[in-house]
Number of protein chains: 2
Amino acid sequence: MGKTATIRDVAQRASVSTATVSRVLNDDAHVVEATRQRVMDAIADLRYSRNDVARSLKTRSSRIVGIVSPELTNDFFMGIANGIEAALKKLKYSVIICSSNESRDEEKRLLKVLVEKAVDGVIVIPASDKGSHLKPFQDAGMPIVLADRLVEDFEADAALSDNFGGAREVVAAFIRRGARRIAFIGGASRLSNARERFEGYRAALAEGGIEEEPGIERFGDFHMESGRALMKDLLGRENPPRAFFIANLYMHIGATSFLLSLPEAERRGIRIAGFDSMAYSPLLGFCTLAVEQRIAELGGEAARLIMDRIGKRDKPFPEIVRLPTRLVVTENER
Amino acid sequence: MGKTATIRDVAQRASVSTATVSRVLNDDAHVVEATRQRVMDAIADLRYSRNDVARSLKTRSSRIVGIVSPELTNDFFMGIANGIEAALKKLKYSVIICSSNESRDEEKRLLKVLVEKAVDGVIVIPASDKGSHLKPFQDAGMPIVLADRLVEDFEADAALSDNFGGAREVVAAFIRRGARRIAFIGGASRLSNARERFEGYRAALAEGGIEEEPGIERFGDFHMESGRALMKDLLGRENPPRAFFIANLYMHIGATSFLLSLPEAERRGIRIAGFDSMAYSPLLGFCTLAVEQRIAELGGEAARLIMDRIGKRDKPFPEIVRLPTRLVVTENER
DNA sequence: GCCGCCTATGTAAACGATTACATCGACGGC
DNA sequence: GCCGTCGATGTAATCGTTTACATAGGCGGC
């Protein structure tokens, strides 16, 4: 198990200089076919594999983009990561995916690590509604792109879903299908996309001529437990609603699991319009409508944005991309 | 936006040599407190950040471990990745997570990329039951650890669940709770963990004095669609079983979603024992029992194995770790 | 007071690639 | 036949660290 071969070994074996080897490695023109072939043979013989670390040092480009996600075990975030990875693969870029565990401090620490690793850029799915801790990195020249949501005190390119439009569309469709009194369950309105979805809901109500009823609007935190608690809460009040718009998938799961714990009679006739659908959505028995985000495309756009920003670091203004959502009539309704 | 500061700039500003700066950066002893302080100040003043690429080049260690997973959008695999990341973080290691998209060729390509990136080791969750394409990398000196399952034609350290024991335990419990005629739905028996789970099921039947009935044993491919189809198939036969052991979560979801599409009367009394549980498991309404894998620990063990292997590359034999599972009585049963 | 040793620090050579610049033929135009 | 040009290849500096080795005080023992 000798040391791995270097470009010098290859050069020697092919009787050329390292410059020439490097040229064939990088598909440079200006190298005649015969030479190229000799080099290729030497590479194969020696099982040479280029050392990208050395390459990165010299070229000051690691061809790596960092992704910081609040969680790893979340199909929505990983769907975005997937979209990013697929898009970047074509450009021979790789991706380092890190979990901030929904902590702002960890997010900051990860940025520091990624800077040390000399990634060419970072795509952040923010863990909170704050962004000030990202600023120093951006100021130091690190390209940063936001995905899924915006944050306070920080401006950057961003790839987002049209949360407002999606919510409005699904609630409007819900109304067309006869729902009148529609409760809202969603994330804290301090978070950009939660707020946008809530506003979309309100817009649809207004356009449908339905009076808003603040008593049946509940805000939680994007987690199952929260969805479960809010559903319980709403059903526990006097004259409970029977139709719900639940603006987040995990809250939707939690709410549904609460419904399943009720006696058959109590839950009959309950209908839900949701946001997002995933592999396990067929299990969401009360769901009749949902809007899907174009998750992979969202990742693809984030990838495009980061590459643009890497390419020309002084693009004047942040570019915000809004992806349309898609209305889905759930099978469950039939 | 000047160039970022280097160790030389820091050295100059602190009036020491680069060697000394490097020493304080690496917590080397042999540097007196006053000097250390001066260096720290210079680092802060210049907002110096170490260039890990150069460090890696010199030390021949990138402090990065690659993870190759068949999918990103899969909470089970990402749970493992999470466990790995958490364990490695303590050792100042980072992680590159890549998706092989369940393709062996892509798996191979990723290994090549990771070798170029000079990762210190790779943890592979195999995309198939074949492993021969991993051998050349191992032979070339790359530490490789398997997670979740074993493969043919390739020997390496591995972190696995006790699939046999887990399946046996849950099926035995199922029998104790009155199930007699238990159908099997699982992955192709060519895959190591699918086979092990099937054998666990058979063992439990044998121990419970229940005769095996090959007609109600079905093998699919670990996906929702497959679970759905097999459930449909089993229920479509004459004298269909009412109790099922479904040896994989996604098949379980698929099977459940088929049940939900049936009229109430037809699905009444059906009971399922499952493998794994996740955030959305409360939605699996027919499930009464499940075994949980210790997913995070599995990742932690994989991390330990890879670090061991990185430390002493010539450990004689592959080490196989089997993690116990945990029986869970599902809320749904109450 | 000298010697040896130990501790803090400096010097400079790597690590393995890329690439600006130099070189060297060959070839075509006149 | 000479010169200019251009295409293929080589030479060697460089990227930012780490680290083996050198050095230089300082101090204790005798």
Side-chain angles (χ1 to χ4, degrees), chain A residues 2-40 42-43 46-64 92 113 115-120 140-141, chain B residues 2-40 42-43 46-64 92 113 115-120 140-141:
Chain A
K3 343 190 50 71
T4 60
T6 76
I7 201 175
R8 244 176 278 278
D9 301 325
V10 175
Q12 195 162 13
R13 181 168 244 265
S15 315
V16 296
S17 72
T18 61
T20 300
V21 177
S22 176
R23 279 189 271 259
V24 346
L25 248 27
N26 294 295
D27 299 317
D28 193 301
H30 299 308
V31 40
V32 96
E33 184 53 29
T35 317
R36 160 188 216 72
Q37 201 42 253
R38 222 159 2 107
V39 172
M40 295 301 265
I43 287 175
L46 298 173
R47 284 169 183 60
Y48 167 77
S49 161
R50 169 212 251 141
N51 180 332
D52 229 19
V53 171
R55 183 190 165 284
S56 298
L57 178 59
K58 180 63 189 174
T59 63
R60 345 193 66 141
S61 158
S62 57
R63 289 207 188 147
I64 296 181
K92 297 188 184 257
V113 171
V115 166
E116 287 185 355
K117 298 257 176 261
V119 298
D120 290 357
Chain B
K3 342 189 53 70
T4 60
T6 76
I7 202 175
R8 243 177 281 277
D9 301 324
V10 174
Q12 196 162 14
R13 181 168 244 266
S15 316
V16 296
S17 72
T18 60
T20 299
V21 176
S22 175
R23 279 189 271 258
V24 346
L25 248 27
N26 295 295
D27 299 317
D28 192 301
H30 299 308
V31 39
V32 95
E33 185 52 28
T35 317
R36 161 187 214 72
Q37 201 43 252
R38 228 165 352 115
V39 172
M40 295 300 264
I43 287 176
L46 299 172
R47 283 169 184 60
Y48 167 76
S49 160
R50 170 213 252 140
N51 181 332
D52 230 18
V53 171
R55 184 190 165 286
S56 297
L57 177 58
K58 182 61 190 177
T59 62
R60 341 188 104 238
S61 158
S62 58
R63 288 205 190 153
I64 297 181
K92 296 188 184 261
V113 171
V115 167
E116 287 186 357
K117 296 259 176 259
V119 299
D120 291 356

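Keep in mind the model is a prediction, meaning the values are calculated, not measured. Proteins get letters first, then strands, A, B, ... in listed order; numbering begins at 1 in each.
B:L57 has its CG atom 12 Å from the P atom of D:dT19, to the nearest Å. As rounded to whole Å, 12 Å separates atom P of D:dT11 from atom CZ of A:R8. Whole-Å rounding puts the B:R23 CZ to C:dA12 C1' distance at 13 Å. Straight-line distance from the CG atom of A:N26 to the P atom of D:dA8: 17 Å, rounded to whole Å. Rounded to whole angstrom, the span from the CZ atom of B:R38 across to the C1' atom of C:dT9 amounts to 11 Å. One interatomic measurement links the two molecules: CG of B:N51 to C1' of C:dG16, which rounds to 14 Å at whole-angstrom precision. Rounded to whole Å, the distance from CG on A:D27 to P on D:dA8 is 15 Å. Residue A:Q12 contributes atom CD, which lies 14 Å from atom P of C:dA17 at whole-angstrom precision.
At the heavy-atom level, B:S56 lies nowhere under 4.0 Å from the strands shown. Across all strands shown, A:D52 has no heavy atoms under 4.0 Å from either base or sugar-phosphate atoms. Residue contacts for A:S61: at a heavy-atom cut-off of 4.0 Å it reaches no nucleic acid atom on any strand shown. Nucleic acid contact for A:V16: sugar-phosphate only, since backbone atoms but no base atoms lie under 4.0 Å from a heavy atom of the residue. Among the protein residues, B:R50 comes within range of the sugar-phosphate backbone only, with heavy atoms under 4.0 Å from sugar or phosphate atoms but none that close to a base. A:T59 comes within contact range of the sugar-phosphate backbone alone, with a heavy-atom separation under 4.0 Å but no base atom that close.
The base of D:dG16 lies outside donor-acceptor range of the side chain of A:R60, with no N or O pair under 3.5 Å.
Residue B:S17 places at least one side-chain N or O closer than 4.0 Å to OP1 or OP2 of C:dG10. Contact check, A:T6 against C:dG16: no side-chain N or O comes under 4.0 Å of OP1 or OP2.
For B:S49 against A:V115, the heavy-atom pair with the smallest separation is OG-CG1, 3.7 Å. Pairing each heavy atom of A:T4 with each of A:D9, the nearest pair is O-OD2, 4.3 Å.
With respect to the salt-bridge test (charged N to carboxylate O, under 4.0 angstrom), the residues B:R36 and B:D27 qualify.
When atom types are taken as modelled, the side chain of A:T18 and the backbone of A:I7 share no donor-acceptor pair closer than 3.5 angstrom.
In terms of position on DNA chain D, the residue among B:V21 and A:T20 whose nearest nucleotide sits closer to the 5' end is A:T20. Residues B:K58 and B:V31 both approach DNA chain C. Their nearest nucleotides, taken by heavy-atom distance, put B:V31 toward the 5′ side.
Taking every side-chain heavy atom of B:T35 into account, C:dA8 is the closest of C:dA8, D:dT18, C:dA17. The side chain of B:V32 approaches C:dA8 more closely than any other nucleotide in the set C:dG16, C:dA8, C:dT18. Considering only the side chain of B:I7, D:dT18 comes nearest among C:dT18, D:dT18, C:dG10.
With hydrogens and angles left out, the side-chain atoms of A:N51 and B:R60 include no donor and acceptor closer than 3.5 Å.
No more than 12 heavy atoms of other residues, nucleotides or ligands shown are found within 6.0 angstrom of CD on B:Q12.
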